[in-house]
Amino acid sequence: MSMVPITGAVADAAAIRRIIADVLKVAPDRVHPEADLVRDLGAESIDFLDLLFSLDALVGARVLPERWGAWLKQRLPAGSAGPGITPRVIEEFVVFYRSSLSQTVAGEPS
């Protein structure tokens with residue numbers, strides 16, 4: 001049986017779940033795509049900053065907290081800054097952030 005490498009979105013999702021488990025100091029099996037970081041996993045506001053800093057390597061650039069906050073206001077009902085944030089929401093943010101970085105680089109004069 002050959003091993004198929006995990007790539008793309010699947011690898012990102014797995015990496016994000018590992019980062020969340022590490023930052024929140026919870027068992028990795030508790031971090032599923034729809035787990036609410038606040039309600040289900042006990043995240044507090046400071047944990048979200050740690051989480052953003054931990055995403056830097058995955059994104060390939062510094063993740064700016066103000067970009068995260070602005071994105072959340074558009075993404076979540078009533079701009080919730082806590083409840084409603086799940087690993088899937090963070091995956092969507094990573095895709096958005098990478099895309100915005102690509103657009104910025106593509107729009108820069110050479």
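Source: prediction; values computed, not measured. Numbers here simply count residues along the sequence, with the first being 1.
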[X] side chain near [Y] side chain, heavy-atom distance below 4.5 Å:
| X | Y | answer |
| --- | --- | --- |
| I85 | V38 | no |
| V23 | F48 | no |
| D36 | L41 | no |
| I90 | W68 | yes |
| L55 | R62 | no |

How close do [X] and [Y] get, heavy atom to heavy atom, and via which atoms?
| X | Y | value |
| --- | --- | --- |
| I19 | S54 | CG2-CB, 3.5 Å |
| R17 | H32 | CD-CA, 4.5 Å |
| F96 | R67 | CZ-NH2, 3.7 Å |
| V63 | Y97 | CA-OH, 3.6 Å |
| W71 | V89 | CH2-O, 3.3 Å |
| L37 | P87 | CD1-CD, 3.5 Å |

For E34, which residues count as a salt bridge (Lys or Arg N to Asp or Glu O under 4.0 Å) partner, sequence neighbours excluded?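 Testing E34 for salt bridge (Lys or Arg N to Asp or Glu O under 4.0 Å), a comparison that skips the adjacent residues, returns R88.
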Quick check: is [Y] connected to [X] through a chain of hydrophobic side chains (ILVMFWY, heavy atoms under 4.5 Å apart)?
| X | Y | value |
| --- | --- | --- |
| L64 | V59 | yes |
| L72 | L49 | no |
| V95 | L51 | no |
| I46 | F53 | yes |

Enumerate the residue pairs fulfilling side chain to side chain donor-acceptor pair (under 3.5 Å) with a member in residues 39-52, sequence neighbours excluded, ordered by first and then second residue.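 Sorted result for residues 39-52: empty, none.
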Mind jotting down which residue pairs meet the salt bridge (charged side-chain N to carboxylate O under 4.0 Å, His left out) criterion with at least one end in residues 20-32? Sequence neighbours excluded, please.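 Residue pairs with at least one partner in residues 20-32: there are none.
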